Amino acid sequence: MHLSALTLASLPADIHTPTYDRRRYAPGVVHLGLGAFHRAHQAMVFDHLLAAGDTRWGIHGIGMTRPDLVNQLRAQDGLYAVRVADGTGVKWQVPGALWRMNVAAAERDAVVQAIGAPTTRWVTLTVTEKGYTPALGQLLLDGLRLRQQGGLPGITVVSCDNLQGNGHKLLALVKAAVTPQDAELLRWLDAHCAFPCSMVDRIVPAATAEVLAAASQALGLRDDASLSTEGFWEWVIEDRFADPTDAALLQSAGVRVTPDVHSYEEAKLRMLNGNHTAMALMGAITGRPFIASCIGEPHIRSFVHRLMGQEVAPHLSRSDWSDYRDALIARFGNPYLKHSVHQIATDSSQKIPQRWPPSVLGQIAQGASFEHHALAAAVFVRYTLAEDEHGQAYALNDPQATSLMALGAAQRTEPEACMRALLGREDLWGSALPHHAGWIARVTHWHQHILQHGVDHAVQQLTEA
């Protein structure tokens with residue numbers, strides 16, 4: 001039997017399940033991007049608020065392109081189990097906040113209607129960095145127009161993706177879709193809607209067969225949508241809401257509401273996400289399947305510790321960065337999080353520009369070493385060969401995969417031309433680094449070392465220096 005509303009009561013008593021009425025009320029949140037991260041992060045915060053008696057936080061979940069996931073969740077009445085596992089132990093929970101589902105690619109009008117529904121108070125998004133397209137801006141604007149024309153209240157629209165200043169970028173994207181006929185809509189939007197910046201942090205790997213099997217054993221039921229995550233989570237959100245009373249509600253659920261999101265988002269982007277990308281690329285090349293198997297190697301753990309402490313931390317405004325670093329290293333090693341290096345390496349060309357260059361430029365400005373980032377950049381160049389050190393091919397899942405592989409293919413036969421081409425791309429490195437001779441020289445040095453001796457040898461040489 002499958003997990004569903006009908007079988008919920010049969011679950012073991014030690015599994016936390018929703019006790020609120022999931023059928024009586026209409027959703028108050030429309031969420032775009034119904035992947036694993038949202039379901040193990042924001043959805044669990046909203047589940048907490050619903051369990052506390054506030055019925056306005058049910059979710060109308062929108063899968064952007066994947067009908068298979070939406071169909072799985074529909075078959076289970078929006079229910080799924082989450083394994084929360086870390087050094088303190090393992091527990092299972094079934095959040096109940098997901099009440100309705102649609103697929104944007106096939107049911108666009110239903111999404112617009114959902115945003116324009118009288119009960120909708122929030123729209124949240126986890127569409128990844130590459131999802132912030134004009135089509136997304138138009139979709140949101142069409143839903144907001146429906147609200148404005150219907151005389152409905154404004155709403156809070158929150159990006160939960162790894163973009164610096166994500167609230168500002170999302171608002172700009174929506175306004176870019178405005179036409180000269182939308183002057184009244186624009187005035188309404190500015191007066192009544194809020195686009196706060198936010199930072200979200202929780203490691204949520206894609207589901208695996210092991211997780212599905214563990215869920216089946218724990219629940220005594222089949223669950224095709226189960227997930228695994230860590231105990232740690234953080235959500236920092238700017239104190240800017242269409243309904244100001246939401247601030248206290250979110251804080252009651254463990255969310256940090258602050259006027260200063262920037263210090264948290266830059267620390268997360270450069271410490272967690274930046275190191276995730278570096279380790280994922282190393283793992284892909286060396287044949288290590290998971291982040292835990294990378295950080296479990298002493299030389300990689302030392303590399304990560306030094307990169308954060310020596311090259312990232314000097315340019316952060318988050319005061320507790322050393323505690324955050326130590327917590328990250330412990331989190332990376334969580335044996336329950338089978339976080340695939342190839343999943344994390346996805347879309348690296350979209351992620352690197354925010355994660356590495358700011359720290360490199362900070363080091364250059366201070367006349368300090370940027371060796372760890374130079375080695376990471378060399379690893380990225382080696383990654384574009386699409387073949388690991390054992391001769392096994394892998395796919396580059398990246399919007400720029402074709403051009404990256406075309407440029408990277410020549411790195412063994414024409415390494416200088418390859419380095420000029422890949423390090424000269426301003427879409428990857430910004431406007432300054434492609435013209436910085438010292439940066440190019442050090443990346444080239446480490447790239448040659450990696451081609452001759454391998455990634456592990458290069459990392460060991462740097463960390464033992």
Side-chain angles (χ1 to χ4, degrees), residues 128-130 132 162-165 169 265-282 284-285 303-304 307-308 310-312 314-316 344-386 396-411 414-451 455 458-459 462:
T128 76
E129 292 89 337
K130 67 181 178 183
Y132 287 77
N162 292 320
L163 295 164
Q164 284 192 294
K169 290 177 179 174
E265 69 182 5
E266 70 176 2
K268 192 232 175 174
L269 276 168
R270 300 185 201 178
M271 293 183 82
L272 190 160
N273 300 130
N275 278 281
H276 248 173
T277 295
M279 283 189 288
L281 298 172
M282 290 177 184
I285 295 166
F303 173 89
V304 167
L307 185 147
M308 286 195 274
Q310 297 176 14
E311 298 184 20
V312 176
H315 316 290
L316 297 178
I344 296 167
T346 296
D347 303 335
S348 287
S349 71
Q350 311 292 294
K351 298 171 178 176
I352 284 173
Q354 301 179 73
R355 300 180 180 188
W356 294 350
S359 297
V360 178
L361 293 171
Q363 292 293 92
I364 290 171
Q366 294 182 0
S369 169
F370 46 74
E371 287 295 300
H372 295 77
H373 279 93
L375 193 155
V379 171
F380 171 71
V381 174
R382 168 61 181 81
Y383 172 73
T384 64
L385 269 177
L396 264 66
N397 188 354
D398 192 291
Q400 300 293 328
T402 302
S403 66
L404 290 173
M405 291 174 66
L407 295 172
Q411 60 188 280
E414 300 176 69
E416 291 183 9
C418 171
M419 295 302 284
R420 279 198 306 272
L422 280 172
L423 295 183
R425 289 184 56 154
E426 294 191 1
D427 62 327
L428 283 169
W429 311 109
S431 58
L433 291 182
H435 309 288
H436 192 277
W439 164 254
I440 293 170
R442 296 316 297 163
V443 178
T444 301
H445 163 80
W446 287 116
H447 180 253
Q448 291 171 345
H449 191 116
I450 289 167
L451 287 183
V455 167
V459 175
L462 176 56

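Treat the numbers as computed from the prediction; the structure is a model and nothing was measured.
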Looking at E266 and L316, would you say the former's side chain and the latter's main chain have a donor-acceptor pair under 3.5 Å?
no
Quick one: pull up NE2 in H315 and CD in Q366 and give me the separation to the nearest 0.5 Å.
4.5 Å
Are any of the side-chain heavy atoms of N273 and Q354 separated by less than 4.5 Å?
no
Hey, mind stepping through R442 and F370 against side-chain contact (heavy atoms from CB on, under 4.5 Å) and telling me if it holds?
CA-CA 9 Å; R442 296 316 297 163; F370 46 74; 3.9 Å; yes
Could you tell me which non-hydrogen atom of S348 sits nearest to which non-hydrogen atom of D398, and how far apart they are?
N-OD2, 3.0 Å
Using the side-chain contact (heavy atoms from CB on, under 4.5 Å) rule, take I450 and V379 through it: C-alpha gap first, then chi angles, then the decisive distance, then the call.
CA-CA 8 Å; I450 289 167; V379 171; 3.7 Å; yes
For V455 and I285, work out which heavy atoms get closest and say how close.
CG2-CG2, 3.7 Å
Side chain Q363, main chain A368, donor-acceptor under 3.5 Å:
no
Please check if any side-chain donor atom of S403 sits under 3.5 Å from a side-chain acceptor atom of R425, or the reverse.
yes
Just how far is it from atom CG of L396 to atom CE of M405, taken to the nearest 0.5 Å?
6.0 Å
Where L433 and W439 come nearest, the two heavy atoms and their spacing
O-CD1, 3.5 Å
Would you name the heavy atoms of S431 and E426 that are closest together and state the gap between them?
CA-CD, 3.9 Å
I'd like to know if the side chain of Q411 reaches the main chain of V381, judged simply by a donor and an acceptor atom lying under 3.5 Å from each other, with no hydrogens or angles considered.
yes
Can you tell me how far apart CG (N275) and CG (L307) are? Round to the nearest 0.5 Å.
5.0 Å
Which distance, rounded to the nearest 0.5 Å, do you find between the CE of M279 and the CD1 of I344?
7.5 Å
Can you find a pair of side-chain heavy atoms, one from V312 and one from H373, that are under 4.5 Å apart?
yes
State whether the side chain of W356 and the backbone N or O of G274 hold a donor-acceptor pair below 3.5 Å, judged by distance alone.
yes
How far does OG of S349 sit from CD of E129, to the nearest 0.5 angstrom?
10.0 Å
Does any non-hydrogen side-chain atom of M282 lie less than 4.5 Å from one of L375?
yes
Would a distance-only check, ignoring hydrogens and angles, find a side-chain to backbone donor-acceptor pair under 3.5 Å from K351 to T346?
yes
Run the side chain to side chain contact (heavy atoms under 4.5 Å, CB included) test against A417 and tell me which residues pass, sequence neighbours left out.
E414, R420
Start with the C-alpha distance between F380 and L404, add both sets of side-chain angles, then the distance that settles side-chain contact (heavy atoms from CB on, under 4.5 Å), and finish with yes or no.
CA-CA 10 Å; F380 171 71; L404 290 173; 4.1 Å; yes
Any side-chain to backbone donor/acceptor pair from W429 onto L422? Under 3.5 Å, distance only.
yes
So, N162 versus K268: side-chain donor-acceptor pair below 3.5 Å or not?
yes
Using only atom types and a distance under 3.5 Å, with no angle test, would you say the side chain of E311 pairs donor to acceptor with the backbone of E371?
yes
State, to 0.1 Å, how close I440 and P434 come at their nearest heavy-atom pair, and which atoms those are.
CD1-O, 3.3 Å
Which atom of L385 lies closest to which atom of G408, heavy atoms considered
CD2-O, 3.7 Å
In Å, rounded to the nearest 0.5 Å, how long is the span from CG of L407 to OG1 of T402?
11.0 Å
